[in-house]
Trainee: 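Quick one: structure below, then a few questions.
Throughout, numbering of the chain's residues begins at 1 and tracks the sequence. Quick note: numbers below take in every heavy atom, side chains included, and nothing from hydrogens, waters or symmetry partners. Predicted model only: the values in this text are computed from it and were never measured. Indexing begins at 1, ligand by ligand and atom by atom, following the structure's order.
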Amino acid sequence: MTNYKIALLAGDGIGEEIMAEAVKILKLVESRNDVQFELNPAAFGATAWFSHGHSFPEESKTICDDADAILKGTIGLSHEESKKIPLDEQPERGGLLPMRRRYDTFANFRPVYLPASLGHFSPLKPEVIGDGIDFIIIRELVGGLYFGEKETGVNDRGLRYAREQLEYDEEQIERIVRIAFETAMKRKKTLHSIHKSNVLKSSVLWTDIVGEVGQEFPEIQVSHVLVDAASTYMCLNPGQFDVMVMENLFGDILSDQAGGILGSLGLMPSACIGPEKSYYEPSHGSAPDIAGKNIANPYSMIGSVAMMLEMSFGLNQEAKNLWQSMQSVFAAGYSTSDLSKPGTGVTIVSTQEFGDRVAESLAALRI
Ligand code: IPM
Ligand code: MN
């Protein structure tokens, strides 16, 4: 029996509701595998700021430091509510980015997956979707503009200005690019490196390093694609992509676009991998408009559990089973009202019921 400690950071908005479904699945996984999970909830996000005075309070840091993996829900408030919190302490700047930095979670995996049978979720035409959408965005998560030096002030013309620095060194680029090549080796042996080297020097360095690391992976076919063009191709022909790698801000933007071509960010789980510790989270926000209504789809949260089972605990078969279970609930015609409209041939169920159905389907699969 292996014991794992998991820190649970439910966060804000729909975080609690979708986390409850993740916990349901973890308990089931525990009951049918040789593992035991110690689940340790910790305050995080705007909720934590109001209750503890910090978005990532010291107690939560201790729980996370002590955990084998961290499962995070969603953070953020409505624009109005956010304004009650000082700028640097808002949950993104005061909680999430410090967590990424603390655990150096440089490798962000965002799978973009929609089988052809679920093509109706996507705004793309069936002929564009073809056999389905199936690629992965690998985003550098602890560098670039997000973490560069920042300065604001008034310049000598009396004008307010803001300056932020975009810097990458070769080590930072090499480690993420290497992960991307390794991932490509396990998939279709193609890699799209996304850049803007017609303008940015950081992209010139990025592209050079992709070339250098690529020498070690002669089997991989590498394509260099400008980020603006990549966003068009993602809509016109997503089937050409398998593994994409890019710097932090490009990855932020393109991964939301990827959620768009699937039909919802609710279909975007993610893994944030560091040298020692990793955390797992939906790629989307806390959807304050639908919080507490029991209608948010827990797919991205449960998908993040699947990624944790595989990447942190090596429970590969169970991870596969979990993906399959979620797909089978959709395939059986169930969905939630945040993803689907009534009258489109689907049966609308609640967050909880969706989680129950995933659990039921998982229980029926062999380990
Ligand atoms: C994401 C989110 C975050 C980011 C925000 C919440 C800071 O949009 O994980 O993509 O920009 O990285
Ligand atoms: Mn984002």
Trainee: Salt bridge or not for Arg187 and Asp242, using N-O below 4.0 Å?
Mentor: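 Looking at Asp242 together with Arg187, the answer is yes, because their closest N to O distance falls below 4.0 Å.
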
Trainee: Take a 6.0 Å sphere around CD of Glu171 and say whether it holds more than 12 heavy atoms from other residues, nucleotides or ligands.
Mentor: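 No, not enclosed.
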
Trainee: Would you indicate whether the side-chain heavy atoms of Asn108 and Ser270 approach each other to under 4.5 Å?
Mentor: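 Yes; the side chains approach each other to less than 4.5 Å.
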
Trainee: Taking 4.0 Å as the limit for heavy-atom contacts, which would you say applies to Arg110 with ligand 1: side chain only, backbone only, both, or neither?
Mentor: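 It is the side chain that gets close, since no backbone atom is under 4.0 Å.
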
Trainee: Evaluate Tyr146 for polar contact with ligand 1, using N/O atom pairs at a separation under 3.5 Å.
Mentor: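 Yes: some nitrogen or oxygen of Tyr146 is under 3.5 Å from one in ligand 1.
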
Trainee: Select one of side chain, backbone, both or neither to describe which atoms of Gln90 lie under 4.0 Å from any atom of ligand 1, heavy atoms only.
Mentor: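 Under 4.0 Å from ligand 1, Gln90 contributes no heavy atoms.
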
Trainee: Contact between Leu267 and Leu118 at the side-chain level, heavy atoms closer than 4.5 Å - yes or no?
Mentor: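 A side-chain contact under 4.5 Å is absent here.
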
Trainee: Taking the side chain as every heavy atom from C-beta outward, state whether Thr74 and Met19 have any pair of such atoms under 4.5 Å apart.
Mentor: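 A side-chain contact is absent here, since even the closest heavy-atom pair is not under 4.5 Å.
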
Trainee: Where is the nearest protein heavy atom to atom 2 (C) of ligand 1: which residue, which atom, and how far?
Mentor: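 Sorting protein heavy atoms by distance from atom 2 (C) of ligand 1 puts Asp252 OD1, 4.0 Å first.
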
Trainee: Could you tell me whether Leu96 approaches ligand 1 through its side chain, its backbone, both or neither, with non-hydrogen atoms closer than 4.0 Å?
Mentor: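 The answer is the side chain of Leu96.
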
Trainee: Does Arg139 reach ligand 1 with a nitrogen or oxygen that is under 3.5 Å from one of the ligand's nitrogen or oxygen atoms?
Mentor: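 Right, the criterion is met.
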
Trainee: Near Arg100, which atoms of ligand 1 are under 4.0 Å from a heavy atom of that residue?
Mentor: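 Listed by number with element: 1 (C), 3 (C), 4 (C), 9 (O), 12 (O).
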
Trainee: Counting backbone and side-chain atoms alike, is an N, O or S atom of Asp256 positioned under 2.8 Å from the Mn ion (ligand 2)?
Mentor: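 No, since none of the N, O or S atoms of Asp256 sits under 2.8 Å from the Mn ion (ligand 2).
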
Trainee: At a non-hydrogen distance cut-off of under 4.0 Å, which region of Lys72 contacts ligand 1 (side chain, backbone, both, or neither)?
Mentor: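 It is neither; nothing of Lys72 touches ligand 1.
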
Trainee: By atom name, which N, O or S atom of Asp252 is the nearest to the Mn ion (ligand 2)?
Mentor: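 Nearest to the Mn ion (ligand 2) within Asp252's N, O and S set: OD1.
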
Trainee: With heavy-atom distances below 4.0 Å as the criterion, list the atoms of ligand 1 near Glu92.
Mentor: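 By the 4.0 Å cutoff, the relevant atoms are 6 (C), 7 (C).
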
Trainee: Answer yes if the ring centres of Tyr113 and Phe135 are under 6.0 angstrom apart, and no otherwise.
Mentor: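 Ring centres of Phe135 and Tyr113 not closer than 6.0 Å.
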
Trainee: Salt bridge check, Asp65 against Arg102: does any charged N sit closer than 4.0 Å to a carboxylate O?
Mentor: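 Result for this pair is yes, salt bridge flagged.
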
Trainee: Would you mind reporting whether Leu39 and Lys27 have side-chain heavy atoms less than 4.5 Å apart?
Mentor: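 Contact flag for Lys27/Leu39 side chains = yes.
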
